[in-house]
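One structure is given below, encoded as structure tokens.
The model shown is predicted, which means the values in this text are computed figures rather than measured ones. All residue numbers in this chain count up from 1 along the given sequence.
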Amino acid sequence: MSGLLQALRFPLQRAPSFKTVLFPVALLLAGCSTVSLETPAPRVGTTTSESSPLQTLRAITSQQDRLYRVAAPLLVSNTPLCKGHARNLIGFSAKNKYSFSEDYVDAAQSLGFDERLQVMGVLNNSGAARAGIKRGDILMTVESNAIPQGPNAERQAAAMLGPLVSKRSSVKLGLLRNGSNTSATVPLTLACGFGIELGNVDNVNAYADGRRVLLTRGMLNFVRNDTELAYVLAKELAHNALGHPTRQRMNATAGGIIDNLIRIAPDTSTLGGSGGILATPQELDAAADTLALYMLVRAGYNIDGAAAFWQRLATQYPATVLNAYTAIHPATSYRLAAIEKTSAEIKGKLAAKRSLLP
């Protein structure tokens with residue numbers, strides 16, 4: 001969702017990465033094509049009759065779509081908890097064939113992408129959804145001005161849309177839908193303005209750099225369901241909302257790791273250790289757990305399994321596994337105590353019909 005859920009990432013240069021949206025106003029939402037991405041996606045590295053780039057792209061797109069879908073309610077429902085990070089977003093994601101690295105342009109084209117920016121996913125309950133924006137819509141104009149096409153379309157569209165969303169409550173889009181021209185006036189959606197990224201590696205970890213959160217493919221494979229995935233997303237979003245990467249002076253280090261891991265073929269030589277990330281002090285980790293639980297409940301997720309999930313993760317991947325989550329979040333017992341205390345506090349507030357604010 002260049003709006004769902006980045007949710008505001010603007011790729012400013014070509015790189016061998018899987019670049020999701022780029023509208024400052026869109027909420028990085030879904031990474032799905034209009035062609036055959038509805039079918040189950042094979043894991044990266046499995047063998048099918050498709051070409052390797054097409055297979056890889058299909059798998060990554062499916063995984064990223066899941067991330068955005070699960071993160072969407074967390075971003076939209078928690079603007080009071082994001083402090084200075086709330087932004088107006090359009091509420092959909094868009095890509096063209098150049099949104100992918102050069103080796104994957106042909107594969108992207110075979111999945112239905114061309115020179116034009118195409119809506120990939122629409123954030124539930126967003127202004128875009130209410131305005132009737134649909135996946136597969138081709139973006140033609142914004143406020144009667146032509147939407148850029150070609151290799152630099154994302155960056156140019158971001159530059160065009162940025163000033164508009166800072167001054168308006170809605171934007172008018174011209175669209176091509178099923179070969180026919182149509183238009184829609186899209187109310188902007190206020191959401192937490194953090195980017196959501198997929199890391200194309202199998203180690204079980206997650207990172208926050210102050211403006212983005214990244215979950216690895218390994219973490220997506222570890223979680224048993226979308227609720228557990230939401231636990232991890234909310235925890236990293238909370239770190240960003242609380243300014244923890246800045247307090248630990250880890251913005252640049254974590255940002256470099258994220259920049260590497262979003263590539264379709266990341267450099268894995270640094271994954272043998274912590275990558276320079278300092279272990280999070282227990283007080284900061286517990287504060288993020290507390291805020292994350294509030295975010296989860298406000299977004300409609302059940303928190304009853306949170307403590308058990310984090311215990312299972314720490315048991316299967318203890319702090320001695322240096323490229324896994326617990327190594328940089330080692331205070332498991334302290335965190336679990338905070339989670340149990342906060343869960344009871346939230347349930348008390350729900351029973352008393354009190355405001356869900358920490």
Do [X] and [Y] get their side chains close enough for a donor-acceptor pair, meaning under 3.5 Å?
X	Y	value
H239	D285	yes
T185	S170	no
R298	N78	yes
N178	S180	no
E115	Y98	yes
N205	Y207	yes
E228	Y301	no

Just wondering, more than 12 heavy atoms not from [X] lying within 6.0 Å of its [atom1]?
X	atom1	answer
D106	CG	no
K349	NZ	yes
R130	CZ	yes

*May I have the step-by-step check of side chain to side chain contact (heavy atoms under 4.5 Å, CB included) for L164 and E143, ending in yes or no?*
CA-CA 9 Å; L164 294 177; E143 297 298 331; 4.1 Å; yes
*What about F222 and Y317, are their ring centers closer than 6.0 Å?*
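Judged by ring-centre distance (under 6.0 Å), F222 and Y317 do meet the cut-off.
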*Can a salt bridge be assigned to the pair R212 and D259 using a cut-off of 4.0 Å between side-chain N and carboxylate O?*
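Between D259 and R212 there is a salt bridge, with a charged N closer than 4.0 Å to a carboxylate O.
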